[in-house]
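Whatever order the structure lists ligands and atoms in, that order sets their numbers, starting from 1. The analysis underlying the following values was restricted to heavy atoms, covering all of them including side chains, and did not include hydrogens, waters or symmetry mates.
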Amino acid sequence: MTTITTPPGHQRILTGDRPTGPLHIGHLFATLRSRVAFQDNGIDTMILIADLQVITDRDAIGDVRSAALGQVADYLATGIDPTRSTIFAHSAVPAIGQLTLPFLSLVSDAELRRNPTVKDELAATDGRPLSGLLLTYPVHQAADILAVHGNVVPVGRDQLPHLEQARVIARRFNARYGADYFTEPEALLTRAPVVPGLDGRKMSTSRGNGLELGMTADATAARIRKARTDSQRRITFDPDRRPEVSSMLRITALFTGETPEQVAERIGDGGAAALKRELTTAVNDGLAEHRRRRAEFAADPAYLRDVVRAGNARAAALADRTLADVFELMGMSY
Ligand code: TRP
């Protein structure tokens, strides 16, 4: 064997986001803060701008670069320190793509077609045919994890099938080539609260029910003002029967550190108008510092690109070494 890229016991976190649009408060509570905590605990943290996943399920990909740089501004504003953590992009690390080919030989098409997350994503495309990339992107994702020997992957539930796929690929590669080379990555299920959108459904930019981190305070107020509620005057926390009101209570509570019931109690007979005022203040106060820092970073796209380029170089060095090891083990080094 040639090189060992992760010393025994070394933890390397790999996680990432698709640059499909602005990050919202769901990302802040679900993932961004915990990444900063990993970094601050001295864990090697790598954050992937999963740009090659943007083309899995959509034709209109938008301005990927500005979405990616906005994402980086949010990472930095949350406290990701590019001298300690690595931010990099799929497209800048060709070895990830190359590693995908031998990995594809280790999975069956039936296995790929069974992947529940891929099925859900296909179902959400309104009849678009299953593209070869959508079918196989979990294998590409296994390559992005294993290329840098990420061994801890903090994820939401929807990503568990992909993590399992990566573990299977690591195992099968080791078995087929008689090597103890890849470590099976461990999923770290984030216990963070799922932040509902203003309408009670999952928060998502495309549904227009989200509150983006980079919005101005005025735009936040306007979005909340326009959101639907119900006609019951007394505010109560009742997620089944009052999804909109309950979501607003939940979001307020996340920022104020209360329980949703406590917020409801406080508002009482104040009605939806008072609830919306509370929510607007909680979000705008809670995000003021993040937004100030974000705006500073966003004003300097050259710096943001430097951050990504430095991350790309580090990730590419790791991935190139992995690819060389893999070809060596496969008897394909000349
Ligand atoms: N599939 C993830 C998402 O859509 C993004 C992603 C790509 C990822 N590669 C990853 C997440 C590796 C964790 C680890 O959000």
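Side-chain contact, R58 with T125: no donor N or O sits under 3.5 Å from an acceptor N or O.
A salt bridge does not link R321 to D325: none of the charged side-chain nitrogens sits closer than 4.0 Å to a carboxylate oxygen.
For the pair R293 and Y75, the cation does not sit on the ring face, since its NZ or CZ is not both under 6.0 Å from the ring centre and inside 45° of the axis. Geometric assessment of R176 against the ring of F173 yields a negative cation-pi assignment under the 6.0 Å and 45° thresholds.
Around atom CZ of R228, no more than 12 heavy atoms belonging to other residues, nucleotides or ligands sit under 6.0 Å away. Other residues, nucleotides and ligands contribute over 12 non-hydrogen atoms within 6.0 Å of the CG atom of D269.
For ligand 1, residues of the protein lying within 4.0 angstrom by heavy-atom distance are L14, T15, G16, R18, L48, A50, Q53, Q141, D144, I145, V153, Q159.
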